[in-house]
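Written out below as structure tokens is the structure these notes cover.
Lettering of chains follows the sequences in order, A, B, ..., and the numbering in each one begins at 1.
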Amino acid sequence: MKVEELPVDERIKRVIRERGIKELYPPQAEALKSGVLEGKNLVLAIPTASGKTLVSEIVMVNKLLREGGKAVYLVPLKALAEEKYREFKEWESLGIRVAATTGDYDSTDEWLGRYDIIVATAEKFDSLLRHSPKWVRDVKLVVADEVHLIGSYDRGATLEMILSHMLGKAQILALSATVGNAEELAEWLDAALVMSDWRPVELRKGVFHLGQLFWEDGKIDRYPENWAFLVIDAVKRGKGALVFVNTRRSAEKEALSLSSKVSKLLTKPEARQLEELISSIEDNPTTEKLKRALKGGVAFHHAGLSRAERTLIEDAFRAGAIKVIAATPTLAAGVNTPAFRVIIRDTKRYAGFGWTDIPVLEIQQMMGRAGRPKYDRVGEAIIVARTEDPKKLMERYIHGKPEKLFSMLANEQAFRSQVLALITNFGIGNFRELVDFLGKTFYAHQKGDIAALEYKARNVVYFLIENEFIDMDTSDRFMALPFGKRTSQLYIDPVTAKKFRDAFPQLEENPNPFGIFQLIASTPDMATLTARKRELEDYLDLAYEFEERLYTNIPYYEDSRFQGFLSQVKTAKVLLDWINEVPEARIYETYNIDPGDLYRILELADWLMYALIELYKLFEPKEEVLQYLRDLHLRLRHGVREELLELVKLPNIGRKRARALYNAGFTTPDAIMRAKVRDLLEVEGIGIKVVEGLFKHFGVEMPGKVKEAGKKAEKARKRGTLDEFLK
DNA sequence: GTAGGAGTCTTCTAGACAGCATGTC
DNA sequence: CTAGAAGACTCCTAC
């Protein structure tokens, strides 16, 4: 189908033509002929990179130009929200305003009402719905990207509930990977279904076993025995490769070992480019390994890396500076990083209770990363058979069908949060109405009856009443209580809220960071760091040492909660070190964690600390305790002792600079404002830029001379590094 | 007595959403 | 619950 023939506004065609697209891919054409342009719901199940985004763009903009209102585009990851936001920005030339919103950005957001396309994570949109801003009524279209995540154990229920809410109120376009039961999904959504395996770049799949590469079409290529040669071969041909493994350690190990081989294939300019890349990365034990690998043009990629490093690696790989990435599954689900060749080293993964096969769906997503649309005629995806029977792998992952999706609404943790929200935020007034609503869900459609779910719902309601989240009047009508309403808006698990409330009396008696951090770490919303076996004793000792600061009893060894408790103690200790200004590098070493782990823990603790304070406000708070909690929250956010709280509020002043300033005698913002520029520059980590920022913040004019001198110094410094770099 | 090597036993394991203030992604 | 690598531990030998 030619773009010209599309039954949409001329302006849309113009934008698409400007991208250099004249002809639509067959599945795109089929999708657009399904009635979706006339308002019908659609489930589009086609491979990644086969043009789902363009279809959704056309559908969204067509809808907006014809009917006005808003389109919401749901994604599973914050990084994807950013990626889509940047892509959709292009439509601003037609006067369409695009916004992105995730937990990193804004909230209640009446201001989102000014935008036409809103990109959001599913959880964020769910949270927005609970705050019911006025513009929600204007949502005419919901695009759910990666809708197969409806089958994810911990996050599927959210997506399912959003779609249940919006079904009938807005048009729905569900974008899915290939799944076993797309028909079932389409039926539920009363949607047309378009399925296809078509890809713009041909995908060749194969299984590698002891030097033999068995292609799906029966052809066999011979290689040296080690699969690493497949990687080297790709690089030799001027292309890149992705290697998927199942542990962080493997990713690092393979990256380092491949690096020594790939490095020999690098040209001088390439090596220089990599040096530049390396110099821009912060130093810590994890990045030390990363930098070593990068010297040879290879990176590893896993959640232990910070966001900045991951983005840097992804960008450099796309640009061709990095030749190979060894990655855990992070990369398969994340932003677009196609490669000529994808090698899947592992098809099993440890799942907490043993080894399980990685689902076909996930392996196919990894394989789908093979083939770069503009550069490759064909992409290659190769599964390595190390201990597994190659025939079995071929059957399961290459010729096999992906799994069916199953509703995860009945997952207890997700379900109790959702039931609470239905009652406190979505006007569900009694049990009958609750059951009616549940009847509209994918769960109900799939199972045919909801007796089991109804039973669970009844138990949840009892739990919510018993713990005063909600109440029921004499005519059995639900009433939202402030505690329940706030819990739902804070987007925390009711069990977390209950744990907080139960601890308030003790917390009031003896407010202290360790007790509060352990409390936070004990909630189901927190991710704890696992205490390793040989650490157990240390943390038990620590727990006894700090016993009187805890708001809970130390469980006995036989108790099933024993190990979990010690993991909470470990997590609390990390947070404690953080607010006591222990340097990051030492935290990584002491607790054997990566930067990404620390970041994650801090992010969660920050969020839950806020929730704790907000809930405490509902129970006749003591002003001095409230103030204590607020200060602790700030300390947690900035990672400082109390005396630095004023300093870290200044622009560009974090925990390191604040401590340096304080130790140099600048103990208050006022002292800094009165200080001489020269004296400030003496302080470690304080350069002319920071000083300029500070003076601007204070509204004080910097002496012109000083400014000049500073700039000169800056230039000299830059030259210095350049000289060093050139020799 | 002990350094150090070989062999054996033990341990460990992927990922990542949410509030709010800030300014406006 | 179907693995596999790294690190800890043990035992032995050679000096």
Side-chain angles (χ1 to χ4, degrees), chain A residues 74-82 84-86 88-89 97-112 114-115 117-128 130-131 149 152-159 244-254 301-304 307 327-334 345-358 362 386-389 392 414 417 486-493 496 525-527 530 532-535 592 596-597 599-601 603-604 606-615 633 637 649 651:
Chain A
L74 302 175
V75 291
L77 299 174
K78 292 182 201 170
L80 287 175
E82 260 167 65
K84 293 300 169 194
Y85 168 75
R86 275 198 299 271
F88 297 162
K89 264 286 198 194
R97 293 151 301 181
V98 186
T101 177
T102 69
D104 283 352
Y105 306 123
D106 21 80
S107 174
T108 352
D109 306 1
E110 286 303 338
W111 72 263
L112 277 174
R114 307 206 311 259
Y115 294 84
I117 294 178
I118 295 167
V119 185
T121 52
E123 285 77 6
K124 183 64 183 190
F125 186 60
D126 189 27
S127 165
L128 284 167
R130 293 184 190 186
H131 287 86
L149 286 172
S152 135
Y153 178 77
D154 53 335
R155 296 179 60 197
T158 312
L159 243 189
F244 284 105
V245 297
N246 64 1
T247 64
R248 290 184 186 181
R249 194 153 63 184
S250 293
E252 295 179 5
K253 193 199 97 183
E254 297 298 3
H301 187 287
H302 59 58
R307 191 77 66 82
T328 57
T330 11
L331 204 62
R345 198 201 70 171
D346 303 314
T347 55
K348 287 173 188 296
R349 145 201 321 159
Y350 182 82
F353 45 87
W355 285 83
T356 50
D357 283 324
I358 297 174
E362 271 183 59
R386 296 197 295 169
T387 54
E388 289 280 297
D389 177 5
K392 254 168 80 184
S417 299
R486 198 73 189 102
T487 296
S488 176
Q489 288 191 327
L490 289 167
Y491 213 79
I492 58 174
D493 187 326
T496 297
D525 283 312
M526 185 73 184
T530 41
R532 290 174 176 76
K533 212 153 215 172
R534 61 176 164 282
E535 297 173 328
N592 190 21
D597 302 317
Y599 177 84
R600 179 97 195 105
I601 293 296
E603 188 188 34
L604 284 164
D606 181 22
W607 166 48
L608 290 168
M609 189 73 208
Y610 176 81
L612 182 140
I613 293 169
E614 288 301 301
L615 289 179
H633 186 202
R637 174 164 294 177
K649 285 181 187 157

Measuring from the side chain of [X] (C-beta onward, heavy atoms only), which nucleotide among [options] has the closest atom?
X         : options                   : result
Glu123(A) : dA5(C), dC25(B), dC17(B)  : dC17(B)
Arg600(A) : dC17(B), dG19(B), dC25(B) : dC17(B)
Leu604(A) : dC20(B), dT24(B), dA18(B) : dA18(B)
Arg155(A) : dA6(C), dC20(B), dA16(B)  : dA16(B)
Thr387(A) : dC17(B), dC25(B), dG4(C)  : dG4(C)

Do the non-hydrogen side-chain atoms of [X] and [Y] ever get within less than 4.5 Å of each other?
X         : Y         : value
Val245(A) : Lys253(A) : no
Glu603(A) : Asp104(A) : yes
Asp126(A) : Tyr491(A) : yes
Arg155(A) : Leu149(A) : no
Ile601(A) : Met526(A) : yes
Glu388(A) : Lys348(A) : yes
Asp525(A) : Leu604(A) : no
Thr496(A) : Leu490(A) : no

| task | Please measure how far the P atom in dA5(C) lies from the corresponding atom in dA14(B), and state the result in whole Å. | result |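 After rounding to an integer number of Å, I get 15 Å for this pair.
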Give one of base, sugar-phosphate or nothing for [X], where a contact means two heavy atoms less than 4.0 Å apart.
X         : value
His633(A) : base
Lys89(A)  : nothing
Arg345(A) : nothing

| message | Would you say Ser250(A) places a side-chain N or O within less than 4.0 Å of OP1 or OP2 belonging to dG4(C)? | response |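 False: Ser250(A) side-chain N/O out of range (4.0 Å or more) of dG4(C) OP1/OP2.
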| N or O in side chain of Thr121(A) less than 4.0 angstrom from dA18(B) OP1/OP2 |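 Affirmative; the distance criterion is met.
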| task | Would you mind checking if Asp357(A) and Lys392(A) are paired as a salt bridge, meaning a charged N to carboxylate O distance below 4.0 Å? | result |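 The answer is no: the pair does not qualify as a salt bridge.
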| With distance as the sole test, does Asp346(A) use its side chain to make a donor-acceptor pair with the main-chain N or O of Asn246(A) at under 3.5 Å? |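 Yes: the side chain of Asp346(A) pairs with the backbone of Asn246(A).
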| message | For Lys348(A) and Lys253(A), find the nucleotide of DNA chain C closest to each by heavy atoms; which residue's nucleotide sits nearer the 5' end? | response |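 Closer to the 5' end of DNA chain C: Lys348(A).
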Take atom [atom1] of [X] and atom [atom2] of [N], then tell me their distance rounded to the nearest Å.
X         : N       : atom1 : atom2 : value
Trp111(A) : dT22(B) : CH2   : C1'   : 11 Å
Glu388(A) : dC1(C)  : CD    : C1'   : 13 Å
Glu614(A) : dA21(B) : CD    : C1'   : 12 Å
Leu149(A) : dG15(B) : CG    : P     : 16 Å
Tyr610(A) : dA18(B) : OH    : P     : 15 Å
Glu252(A) : dA6(C)  : CD    : P     : 12 Å
Arg307(A) : dA16(B) : CZ    : P     : 8 Å
Asp346(A) : dG4(C)  : CG    : C1'   : 9 Å

| query | Taking the nucleotide of DNA chain B with the closest heavy atom to each, which residue, Ser152(A) or Arg486(A), is nearer the 5' end? | reply |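 Comparing both residues, the 5'-ward one is Ser152(A).
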| query | Between Glu603(A) and Tyr85(A), which has a closest nucleotide on DNA chain B that is more 5'? | reply |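 Per heavy-atom nearest nucleotide, the more 5' residue is Glu603(A).
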| message | Could you write out DNA chain B as dot-bracket? Rules: Watson-Crick or G-U wobble, both distances under 3.5 Å, brackets [ ] for crossings, | for pairs with another strand, dot for unpaired. | response | |||||||||||||............
| Heavy-atom pair with the smallest gap, counting every atom of Ala157(A) and Ala414(A) |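 Nearest heavy atoms, Ala157(A) then Ala414(A): CB-CB, 3.5 Å.
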| remark: Its contact letters, B for base, S for sugar-phosphate only and - for none at protein heavy atoms under 4.0 Å, make nucleotides 7-14 of chain B read ----SBBB
